[in-house]
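Whatever order the structure lists ligands and atoms in, that order sets their numbers, starting from 1. What you see below is based on every heavy atom in this structure, not just the backbone, and it leaves out hydrogens, waters and symmetry mates. Numbers for residues simply follow the sequence, beginning at 1.
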Amino acid sequence: MRPKKRLFLGLLLFVLVLLFSLAYSIWGLVFAQLGRVYREFFLLLDLGLGVAIPLLALGLLGIVVMILLQRPWPVLSRFSKSTMDFLFPLALLLGRMFRLDKERIESSFIELNNQLVRLTGGHVSPRRILILLPHCLQLSQCQRRITYQAANCRRCGKCNVGEILSLADEFGAEVAVATGGTAARQAVRDKRPVAVVAVACERDLSSGIHESGKLPVMGVPNQRPNGPCRDTVVSPAAIRRALESLVNGGTI
Ligand code: SF4
């Protein structure tokens, strides 16, 4: 297990322990009859936590077992993504309290998500895969309107877009270039993919994966040698690996 995944897994476990401690403390307070007015509210809260905590623990167990065994565990895998999505904001909050680097936590979340998608989301038809690119990948001096139509790129080789379009042609996958989160969501609604390979910064990728629900999304973080949102770059080899994982399954 690479250290990056461990960070987010550790935070998930810590959040779960905190939730359990909270439920236990509330239980004690209810029985100590801390104010009758609040008693029913706390009792309901504790009941909610009493249902949620075992489900979240099951999801976390599923994640750990699947990663250790390197194979999907169908009974528990359905809880895994929900557990990650539910606990993600709490893990970020906890990370902030401990002054952990937010980008490291987001990278860890993306890495863990990718691992689970590789294990559970393989054998997708390449034609049902959407490669979602951020507009900042396009060379800032380029005049081609690729957000309207990615095929407008003339593949001059001055940025990664042309190479990724050739990769998409090779696999038969679709490509969309989005100017932001709203445009990315619209592209997913229009193209109706079965799986997505998304390129973006760690912040946009983690929030996109968090919002994607059941749609499998493989996240490929871009590099920002010119600062954020300008002339960014990405490794086409990493996109190829993500496509191969979705098409062939397994941990390529
Ligand atoms: S590959 Fe060339 S034509 Fe295509 S977006 Fe990049 S700079 Fe523009």
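A 6.0 Å sphere centred on CZ of Arg127 holds no more than 12 heavy atoms belonging to other residues, nucleotides or ligands. Shown here is Arg155, whose CZ atom has more than 12 heavy atoms of other residues, nucleotides or ligands within 6.0 Å. Few gaps surround CZ on Arg189; more than 12 heavy atoms of other groups in view lie less than 6.0 Å from it.
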Do any side-chain atoms of residues 56-68 form donor-acceptor pairs under 3.5 angstrom with protein atoms, and if so which ones, sequence neighbours left out?
none

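With respect to atom 3 (S) of ligand 1, the closest heavy atom belonging to the protein is Arg154 N, 3.5 Å.
Minimum heavy-atom separation, Ala91 to Phe8: CB-CE1, 3.8 Å.
Salt bridge status for Arg240 with Glu163: absent, with no side-chain N to carboxylate O gap under 4.0 Å.
By the criterion of a separation under 2.8 Å, the protein N/O/S atoms near atom 6 (Fe) of ligand 1 amount to Cys159 SG.
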